[in-house]
Amino acid sequence: MKTGNDSPITPEVVAQHGLSPDEYQRLLDVLGRLPTFVELGVFSVMWSEHCSYKSSRIHLGRLPTKGPRVLIGPGENAGVVDLGDGYAACFKMESHNHPSYIEPYQGAATGVGGILRDVFTMGARPVALMDSLRFGRPEHPKTRALVRGVVAGIAGYGNCMGIPTVAGETRFDRSYDGNCLVNAFCCGVVPSDRIFLGTTGSPGNKVFYVGAGTGRDGIHGATMASTEFGEGSEEKRPTVQVGDPFQEKLLLEACLELMQGDAIVGIQDMGAAGLTSSSVEMAGRGGRGLLLRLDQVPMRETGMVPYELLLSESQERMLIVIEPGRESEVFAVFQKWDLSVAEIGEVTDDGVWRCTWHGEEVAAIPVAVLTDAAPKYDRPQQAPAPLPALPAIVDADPAARLPTLLADPDISDKQWIWRQYDHQVGTDTVIRPGADAAMVRIKGTAKHLAFVTDSNGRQVYLDPFVGTAGQVAECARNLACVGATPIGLSDCMNFGNPQKPEIMWQFSRSVDGMAEACRALDVPVISGNVSLYNETDGVAILPTPGLAMVGLYEGATPTVSAQFTEGLEVALLGQPGRGWLAGSVYARHFGFDRHGAPPPVDYATERALHDALRRLIAPGAAGAAIAVAHDLSEGGLLLALAECCMGGVGGAFDVANDAGALYGEDHGRALIAYAPQDRERVHALLEGVPSRVLGQTGGDALVVAGRSFAVTELRAVWERAFPAWLDGGTESP
């Protein structure tokens with residue numbers, strides 16, 4: 001009988017498994033013998049970049065991960081923060097970039113499935129999904145198909161699961177032509193005393209496999225995600241998993257039902273590297289050994305061997321550890337939900353991870369060799385050559401460029417995307433996609449969770465430290481614009497090949513920028529993911545740290561909007577700004593997207609602004625002081641004013657026809673609008689935050705900088721650009 005142990009291990013075979021000669025020698029040294037072929041496969045995934053974080057671990061340790069609300073930080077399936085009154089929020093963001101480029105629908109769908117399992121593994125019922133997407137140039141021949149496939153995959157999985165996708169963001173750049181980014185986020189709510197961990201407990205505990213049967217899809221997916229793309233990448237399609245959201249819905253309900261009792265000692269989803277990583281990680285956290293009887297694993301294909309069973313990344317599967325004597329409870333629950341369930345092993349006290357096949361031992365590796373002994377690199381760093389300064393832009397009438405910028409691929413309305421998603425399923429979404437941040441209520445309480453995801457790879461490229469810090473500040477500002485206080489952040493660090501010193505420098509500086517901003521704004525990083533080797537034919541993506549921030553709002557649902565209504569006074573909050581154009585949408589339209597430095601962050605200004613916005617939005621005796629709040633970020637002041645007019649109401653505003661004033665992307669600013677009779681109350685609540693009245697709302701035109709734009713015409717340009725491009729009507733949005 002073939003077990004997968006009878007293939008010779010040659011240098012070529014080692015290379016095919018993604019291990020360098022030095023790493024293979026390290027394997028031999030720590031193992032003390034030649035590995036079997038099955039063991040080589042296990043090392044290849046456990047020591048892959050995707051699973052071991054061997055290039056990033058020393059840098060991630062600099063992030064702030066603790067805080068008064070943090071119950072569980074990085075290291076578990078997802079992070080958990082305390083919401084008070086017996087509730088906690090559990091959330092995480094992860095990437096599925098390589099699979100989504102190879103097979104857009106299944107790559108994106110299984111990315112959603114994986115992040116859902118990370119959350120309900122902890123005992124939390126998912127309440128919200130978000131996504132952060134990056135695609136190549138609109139005119140690139142693959143971009144339309146990738147957009148359609150990825151969006152359909154996200155919608156197909158999340159909608160079938162009954163989880164609302166409430167927020168997201170999509171951007172385009174030539175650096176993503178050969179490597180799209182698909183980052184998925186999930187948040188769940190869990191009783192703070194019912195959190196489950198991926199551990200093993202005592203020797204003798206039983207190991208159960210539950211969920212879908214194991215097939216041959218996704219084998220070596222983790223290894224594939226730890227290499228660059230190049231010629232022949234399309235041939236890696238078999239490494240992409242195939243998802244079944246209806247199966248996962250059953251799995252979610254079955255797990256949550258079993259979690260109502262006390263049978264579970266530990267639980268872990270089978271994500272990257274499947275059965276191998278889930279079992280090794282549980283044993284590592286528990287400080288125990290593990291015995292797996294692979295012939296007991298439920299299979300959906302015939303003729304499978306241990307190598308395939310261990311490395312398959314088939315979806316909708318979990319590993320559960322229970323105490324002896326509780327077996328019948330597990331069988332009863334999972335058979336009720338018509339899911340595969342099998343006892344496949346037990347916890348041991350020898351610290352060794354063992355696998356047998358019909359009684360024959362096919363792998364025996366000390367757990368610490370797979371975890372603690374994994375390579376950990378402090379790779380060389382080298383700052384790239386200085387970028388050219390932003391030249392003076394000659395533009396006689398900057399305001400006239402507004403319609404063009406509204407049709408920009410990054411700025412144009414993305415409702416075509418979020419209308420594919422069921423963002424109101426569950427009836428708890430109180431602020432829908434399209435606002436500064438989305439918001440979901442927690443039934444039976446006065447608590448609300450707010451969500452935003454953001455990243456600006458162009459600004460991070462210009463200066464990884466400052467650019468990343470700016471994105472943290474923007475996320476916190478978005479939450480403040482719906483009245484929420486940040487309680488935690490999950491990151492998804494998408495970068496190129498870490499073996500290139502310039503890429504490693506980008507990564508390290510980005511981590512430090514995030515760390516500084518999170519400390520300054522009191523936002524702990526509680527979970528995250530690193531995706532490296534996002535390159536095709538040697539061309540790296542823009543450094544793209546995807547950020548997902550969660551905020552807490554307590555009280556009656558906020559009434560603030562991002563849309564003007566008639567008769568409001570509009571003011572600009574924050575410092576006047578320097579008219580910062582480097583890294584801006586405006587500069588990009590002149591071909592200067594790789595010039596200059598991004599806008600700096602003044603944390604004192606940001607904190608004061610965020611606090612003021614929360615005071616203005618919190619309902620007082622007379623209700624909220626303001627009706628509208630909208631942050632200034634991508635596109636600057638004029639784009640923000642135009643976006644506030646998209647509900648149909650315009651206004652006249654005093655802004656000079658100057659590019660910096662109109663389109664500068666300085667941080668620390670926001671628009672507010674309020675009834676004129678509330679002016680004194682508004683200014684009292686500002687408590688020293690600078691403000692300038694710009695004008696009043698009313699009418700059907702946006703009048704600014706000496707120009708008048710019909711709101712209906714602006715909205716038509718903004719709304720039609722993206723779907724027209726998807727339909728092939730134009731070269732780009």
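Note that this is a predicted model, so its numbers are computed, not measured.
- One distance of note links CD of Gln471 with CG of Leu489; it measures 11.5 Å at 0.5 Å rounding.
- In Arg194, the CZ atom is crowded: over 12 heavy atoms of neighbouring residues, nucleotides or ligands sit closer than 6.0 Å.
- Other residues, nucleotides and ligands contribute more than 12 heavy atoms inside 6.0 Å of the OH atom of Tyr553.
- Screening Asp131, Thr544, Asn494 for a side chain to side chain donor-acceptor pair (under 3.5 Å) involving Asn183 leaves a single residue, Asn494.
- Nearest heavy atoms, Cys180 versus Phe135: CB-CD2, 4.0 Å.
- A salt bridge links Asp727 and Arg148; the closest N-O separation between the charged side-chain nitrogens and carboxylate oxygens is under 4.0 Å.
- For CD of Glu713, the number of neighbouring non-hydrogen atoms (other residues, nucleotides, ligands) closer than 6.0 Å is 12 at most.
- Under a 3.5 Å cut-off, the side chain of His448 and the backbone N or O of Ala446 do form a donor-acceptor pair.
- Classification of Arg69 and Asp82 as a salt-bridged pair fails, no side-chain N sitting under 4.0 Å from a carboxylate O.
- By the 4.5 Å heavy-atom criterion applied to side chains, Val112 and Met161 are not counted as neighbours.
- Side chains of Thr557 and Arg441: no donor on one and acceptor on the other come within 3.5 Å.
- Side chains of Asn97 and Ser531: a donor on one and an acceptor on the other come within 3.5 Å.
- Checked against Glu634 for a side-chain contact (heavy atoms from CB on, under 4.5 Å), the options Ile411, Leu639, Asp408 give a single hit: Ile411.
- One distance of note links CG of Leu547 with SG of Cys518; it measures 7.5 Å at 0.5 Å rounding.
- Put simply, the side chain of Arg300 reaches to within 4.5 Å of the side chain of Ser314, judged on heavy atoms.
- Side chains of Gln315 and Thr110: no donor on one and acceptor on the other come within 3.5 Å.
- Salt-bridge formation is not detected for the pair Arg477/Asp454: no Lys NZ or Arg NE/NH1/NH2 atom is positioned less than 4.0 Å from an Asp or Glu carboxylate oxygen.
- Checked against the 6.0 Å centroid criterion, the rings of Trp725 and Phe722 qualify as a close aromatic pair.
- Ionic pairing of Arg134 and Asp173 is not present here: no N-O contact between side-chain nitrogen and carboxylate oxygen is shorter than 4.0 angstrom.
- Each of Ile442, Thr445, Val190 was compared with Leu83 under the side-chain contact (heavy atoms from CB on, under 4.5 Å) criterion, and only Ile442 meets it.
- The shortest distance between side-chain heavy atoms of Pro138 and Pro409 falls below 4.5 Å.
- Side-chain atoms of Asn159 and Asp422 form no donor-acceptor pair, as typed in the model, at a separation below 3.5 Å.
- The aromatic rings of Trp418 and His423 stand perpendicular to each other, their planes meeting at an angle above 60°, with 30° marking the opposite boundary.
- Side chain of Ser100 to backbone of Ala108: a donor-acceptor contact under 3.5 angstrom is found.
- Between Ser192 and Leu71, some side-chain heavy-atom pair lies under the 4.5 Å cut-off.
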